[in-house]
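These notes concern the structure reproduced below.
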Amino acid sequence: MGNKVTILGIESSCDDTAAAIVQDGWVLSNIMASQEVHKKYGGVVPELASRAHQQNIIPVVDYAIREAGIHHDAINAVAFTRGPGLMGSLLVGTSFAKGFALARQIPLIEVHHLQAHILAHFIKADPPGHGLPEFPFLCLLVSGGHTQLVIMEDYLVMRIIGQTIDDAAGEAFDKCAKVLGLAYPGGPIIDRLAQKGNPDAFTFAKPRVPDLDYSFSGLKTSFLYFVRDALKQHPGFIDQYKNDLAASLQKAIVDILLDKLKQAARLTGITQIGIAGGVSANSGLRGAVQEEARNQGWNLFIPPFRYTTDNAAMIAITGYYKYLNKQFTQQAVPPEARLRY
Ligand code: KG4
Ligand code: ZN
């Protein structure tokens, strides 16, 4: 193994149990067990998530190590998601990581889940593309629980310059999808339906929030009332216009997201721009930022799909940069459901 730095990353903040091996910044394996149990409840049930993590964590880690083709003695440190997330879920990954590190006498590294979503941009990969972002790097982080504009000054130095004052963009997708009777999580389903719909069929309330902050609760309410009123007139409304509703909703969310991203780029003068988090998988958002990047001359970074939604490669890569900085964690550190940067 020579002087290679090999990190085991563990992610268990919500409903995916994931483990990955990163070596010198390259991903050797990235394994995930998604939990199907929540589908029929229309959302994540914390108690069930925690139990499923317990069942999955050992096989998932075992598989990640085998898939990487390394011996577990080669692992130099264990990185784990300390938060934010569901407490019962975080506890499983945290406890496992602690046990693993203690047994092997290797360092433990805590990782902030949102920082990891952004650091997914710094996973080394062969071209295609233009390498890794340079600093300062402006990133729109859009996930199920967060919507933030973040400036990265360095690998581990970030500054939030705008964020949602109520719902996250992913939440807006998921809650509006629920109004249409779609399964959870609704974001990817809306994305799929939207591709067959007219984005200009319907319009919904636009938020008026100062500075670089976001708001999505007004859009959600506007969507709910609009659909409810339409159903009174025409009980088959959703079925008939499902694709148009999805396309119009997606356009509304993407417009809101892009608006402030453009503003942030203009205000800061930063041209290294990226999107990250689960919602950055959205094809409408990807298309819109690509177009804007061409217009504005941005150097745009969009992570591959496997690194956008929750995954452990992003935890392991964050662990890698923290390892190089010798930022280690004590065994006594507890998980934090509301961990801040
Ligand atoms: O980052 P993530 O996997 O988990 C959190 O840390 O929250 O994000 C999950 C969110 C969900 O709200 C899901 O609906 C949304 O990302 N999402 C999408 C798409 N894929 C995932 N939203 C819109 N279009 C997609 N293709
Ligand atoms: Zn996430």
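Start at 1 and go down the list; that is how both ligands and their atoms are numbered. Along the sequence shown, residues carry numbers from 1.
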Any H117 heavy atom less than 4.0 Å from ligand 1: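 H117: in contact with ligand 1 (<4.0 Å).
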
4.0 Å heavy-atom contact, C14 with ligand 1: no

Lys/Arg-Asp/Glu bridge criterion (N-O < 4.0 Å) met for R104, D73: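 Yes.
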
Residues R66, D62: salt bridge by 4.0 Å N-O rule: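 Result for this pair is yes, salt bridge flagged.
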
From the candidates D174, L141, V142, the one that places a heavy atom nearest atom 13 (C) of ligand 1: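 Result: the heavy atom closest to atom 13 (C) of ligand 1 is in D174.
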
Minimum non-hydrogen distance to atom 20 (N) of ligand 1, winning option of G278, G187, G284, G144: G278

Could you check whether atom [atom1] of [X] has more than 12 heavy atoms from other residues, nucleotides or ligands sitting under 6.0 Å from it?
X	atom1	value
R286	CZ	yes
F237	CZ	yes
L102	CG	yes

What is the nearest protein non-hydrogen atom to [atom], stated with its residue, atom name and distance?
atom	value
atom 6 (O) of ligand 1	H113 NE2, 3.1 Å
atom 15 (C) of ligand 1	V279 CG2, 3.9 Å
atom 2 (P) of ligand 1	D310 OD1, 3.3 Å

[X] neighbourhood, listing ligand 1 atoms whose heavy-atom distance to it stays under 4.0 Å:
X	value
P185	14 (O)
A281	20 (N), 26 (N)
G170	12 (O)
G145	7 (O)

Polar contact flag for N282 and ligand 1 (N/O pairs, less than 3.5 Å):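 The answer is yes, given that N282 and ligand 1 share an N or O pair closer than 3.5 Å.
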
Step-by-step side chain to side chain contact (heavy atoms under 4.5 Å, CB included) determination, I123 to V22: CA-CA 9 Å; I123 291 172; V22 159; 5.7 Å; no

Metal-centred angle, NE2 of H117 through the Zn ion (ligand 2) to NE2 of H113, rounded to 10 degrees: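 Approximately 100° at the metal, rounded to tens of degrees.
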
Parallel, tilted or perpendicular: rings of Y155 and Y321 (30°, 60°): parallel

Worked check of side-chain hydrogen bond (donor to acceptor under 3.5 Å, both in side chains) between S283 and Q195: CA-CA 9 Å; S283 57; Q195 291 171 26; 3.1 Å; yes

Side chain, backbone, both or neither: the part of D191 lying under 4.0 Å from ligand 1 by heavy atom: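 It is the side chain that gets close, since no backbone atom is under 4.0 Å.
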
T309 contact mode with ligand 1 (heavy-atom cut-off under 4.0 Å):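 The part of T309 near ligand 1 is both the backbone and the side chain.
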
Side-chain donor or acceptor of K232 paired with backbone N/O of V227 under 3.5 Å: no

Within 45° cone of F223 ring axis and under 6.0 Å: R228 NZ or CZ: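 Here R228 fails the 6.0 Å and 45° test against F223.
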
Heteroatom of D310 nearest to the Zn ion (ligand 2) (N, O or S, atom name):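 Result: OD1.
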
